[in-house]
Amino acid sequence: MAESVKLTIPSDSKYLCLVRKVLHHLLLERQLSEEAAQRLILCVDEACSNIIKYSYAGCPDLPIEISFSLADDSFQAKIRDYGKQCDSRKIKPRPLDKIEPGGLGTYFMNEIMDEVSYCTDRETGTLLTMCKHLKNELTSS
Amino acid sequence: MAESVKLTIPSDSKYLCLVRKVLHHLLLERQLSEEAAQRLILCVDEACSNIIKYSYAGCPDLPIEISFSLADDSFQAKIRDYGKQCDSRKIKPRPLDKIEPGGLGTYFMNEIMDEVSYCTDRETGTLLTMCKHLKNELTSS
Amino acid sequence: MSIEFQSNESGNGTATLVITGDIDMSTSTLVRTHLTDLFKKKQKAIVVDLAKVSYIDSSGIATLVEGLQWSHNNNTKFRLTNLTPMVKDVFEIARLLTVFEVYDSQEEALEGI
Amino acid sequence: MSIEFQSNESGNGTATLVITGDIDMSTSTLVRTHLTDLFKKKQKAIVVDLAKVSYIDSSGIATLVEGLQWSHNNNTKFRLTNLTPMVKDVFEIARLLTVFEVYDSQEEALEGI
Ligand SMILES: Nc1ncnc2c1ncn2[C@@H]1O[C@H](COP(=O)(O)OP(=O)(O)O)[C@@H](O)[C@H]1O
Ligand SMILES: Nc1ncnc2c1ncn2[C@@H]1O[C@H](COP(=O)(O)OP(=O)(O)O)[C@@H](O)[C@H]1O
């Protein structure tokens, strides 16, 4: 059974470490290994960073709503903003063989998560859903 | 200017330490002294415990919505449940001169906070608002 | 939140209970169980070491108040040691610091028993 | 989140930058500033010690990739040491572990410069 914890932060990058702390707490309570936990944390952090940079274009006091659901064998994060929508096909990583800064955030999300989907089917903003199956990520089972 | 962080947890006492961790993070970021922070944390923890015990009568998967607002000189916590309402006049501490277990949670809240008010003026549940002026609680000013 | 207990019973009828972790609504019933176990053994004295308890709420205080009441009924000494600043502050706000026998170390708490 | 920097410039043209804290969107610009400062000084080699960085995100990686590019343009050696498991894992996912010169200690990173 999935229990969910919700966290809403202002769109200021100084709150990213709070998001990481909350998720770290929840994942370690669920016996996830530190490595698996850090990867999921990275994805959520990248998603929030992108909202701050692109959807809210740097405005620091708009809401980012995050919900974490942890079931026995899966993790889901839903991240909602109320900022600029964009064509989700334009949100994409750069090819890795070009060594240059940028374009890595969405690459990490796609590489680590089993599902990453953007939904703009609403009046404002975007709902990003990321899922990960956890079968082999648990330290104890 | 008050920025607010919201946290929603299921009504299971195992999440109380997450609430404490989040609030501790926010208060120490704001340069509150450890002692002042711990007192505010105690009040929020007691309020959530009472919701778990009384409003939700032990049912562990109903939502407790907490919002923290920190301004330069004040702290406000709003705690919302959707459980049993009760006459807020019945919510009261026991006299301290009788040494016995129980009745201390609301005593702490009233003793530490500058304002504690219960509002049941809604269809279900209760909104508890607690405020504290922070003039002398900052480690640096 | 996890809480841990380590209890140590000496030959001369004293027991020490070292608690590690936060004492809140989710853990205070475990504290209660450990205390009742020790009281059942009819010790002369029970010392609760709180050095590693950095948080206590009203349910934790209530549990220790119960311990105090049992100690009166059982003619057992019930002493607290090593209160961290937060725990001490909560006892003070509740005006219970003088109601309990509070010591700075296990050694002092065990003296003259 | 707070981040701290400690930089140490030796007489022989090498500089070490020790970073303490998480490198994320809120702190990577500070990392960038410290790196540009060191590059301006035309060092022979810059060693970045990441022993106390337990978290890095794509903005941190991007900053280090920039450092690497500056090092090519300036003919400066640019080396990383003491990657924590999380940081190492992120470099691996990004397939950058072999692109950078990565060492296990400051001593090894400074050898033969
Ligand atoms: N929330 C978002 N809203 C709008 N565009 C986005 C969003 N997230 C990502 N993008 C687009 O996708 C690109 C790739 O993002 P990312 O991989 O995180 O790298 P970076 O942000 O470093 O460019 C961004 O440059 C941006 O154009
Ligand atoms: N959220 C609540 N809903 C209903 N009743 C409450 C609530 N909070 C407190 N009360 C009432 O107020 C009394 C005092 O609460 P408190 O001081 O926390 O002590 P305790 O819970 O140990 O009895 C409780 O016994 C209960 O009757």
Side-chain angles (χ1 to χ4, degrees), chain B residues 9-24 27-28 32-56 58 60 64 91-113 137, chain C residues 1-4 19-36 39 48 50 52-73 78-80 83-102:
Chain B
I9 55 159
S11 50
D12 186 321
S13 63
K14 75 179 179 202
Y15 290 101
L16 292 173
C17 65
L18 178 64
V19 175
R20 296 197 296 270
K21 197 179 265 191
V22 168
L23 184 51
H24 191 253
L27 294 172
L28 292 205
L32 222 68
S33 73
E34 183 67 27
E35 180 182 296
Q38 289 296 348
R39 289 179 169 205
L40 300 181
I41 288 167
L42 179 64
C43 293
V44 170
D45 179 278
E46 297 289 352
C48 293
S49 296
N50 281 344
I51 289 171
I52 293 171
K53 274 196 288 184
Y54 304 114
S55 308
Y56 288 139
I64 301 178
I91 302 181
K92 58 163 185 265
R94 64 164 172 77
L96 270 201
D97 49 17
K98 258 187 98 187
I99 311 285
E100 58 175 34
L104 272 175
T106 53
Y107 172 77
F108 288 144
M109 289 156 60
N110 290 317
E111 190 71 10
I112 293 166
M113 291 289 176
E137 327 278 337
Chain C
M1 191 60 226
S2 64
I3 190 163
E4 276 171 39
I19 306 178
T20 304
D22 289 5
I23 308 184
D24 70 1
M25 190 188 163
S26 72
T27 57
S28 59
T29 48
L30 289 170
V31 176
R32 194 176 191 278
T33 311
H34 277 82
L35 284 180
T36 46
F39 274 105
V48 181
L50 298 166
K52 286 164 186 160
V53 174
S54 52
Y55 182 82
I56 193 165
D57 76 353
S58 69
S59 72
I61 299 282
T63 305
L64 295 174
V65 168
E66 275 193 284
L68 190 64
Q69 293 175 331
W70 296 334
S71 81
H72 293 153
N73 301 340
F78 186 68
R79 296 178 168 180
L80 309 179
L83 275 58
T84 55
M86 188 278 169
V87 172
K88 194 168 181 181
D89 189 44
V90 174
F91 271 91
E92 266 171 4
I93 301 172
R95 302 200 198 128
L96 286 169
L97 207 50
T98 52
V99 172
F100 283 87
E101 296 182 49
V102 178

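All values below come from the heavy atoms of this structure, side chains included, with hydrogens, waters and symmetry mates left out.
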Just wondering, do [Y] and [X] contact through their side chains at under 4.5 Å, heavy atoms?
X      : Y     : result
B:I41  : C:M86 : no
C:M25  : B:D45 : no
B:L42  : C:Y55 : yes
B:P101 : C:Q69 : yes
C:D89  : B:Q38 : no
B:Y107 : C:R95 : yes

Query raised in the report: Of the backbone (N, CA, C, O) and the side chain (C-beta and beyond), which part of B:L96 lies under 4.5 Å from a heavy atom of chain C, both, or neither?
Result: side chain
Query - Interchain contact, B:I112 with chain C, by part (heavy-atom threshold 4.5 Å) - result: side chain
Report summary line: Sorted by chain and residue number, the side-chain contact (heavy atoms from CB on, under 4.5 Å) partners of B:K92 (sequence neighbours excluded) come out as none
Query raised in the report: What residues, two or more places apart in sequence or in another chain, satisfy side-chain contact (heavy atoms from CB on, under 4.5 Å) together with B:P60?
Result: B:D12
**Report entry** Which portion of C:E66 sits near chain B, non-hydrogen atoms under 4.5 angstrom
**Finding:** both
Report task. Would you mind checking which part of C:L64 comes under 4.5 Å of any heavy atom in chain B, side chain (CB onward), backbone (N, CA, C, O), both or neither? Result -> neither
Query raised in the report: If you measure from CG on C:D57 to SG on B:C48, what distance do you get to the nearest 0.5 Å?
Result: 11.0 Å
Report task. Mind checking the OG-CD spacing from C:S58 to B:E46? Nearest 0.5 Å is all I need. Result -> 3.0 Å
Report summary line: Comparing B:I52, B:L16, B:L18, B:I99 against chain C, the one with the most heavy-atom pairs below 4.5 Å turns out to be B:I99
**Report entry** Heavy-atom closest pair, residues B:S13 and C:D24
**Finding:** O-OD2, 4.4 Å
Query raised in the report: Which residue out of C:I61, C:L68, C:V90 racks up the most heavy-atom pairs below 4.5 Å with chain B?
Result: C:V90
Query raised in the report: side-chain contact (heavy atoms from CB on, under 4.5 Å) between C:I93 and B:R39: does it pass, once the steps are laid out?
Result: CA-CA 10 Å; C:I93 301 172; B:R39 289 179 169 205; 3.8 Å; yes
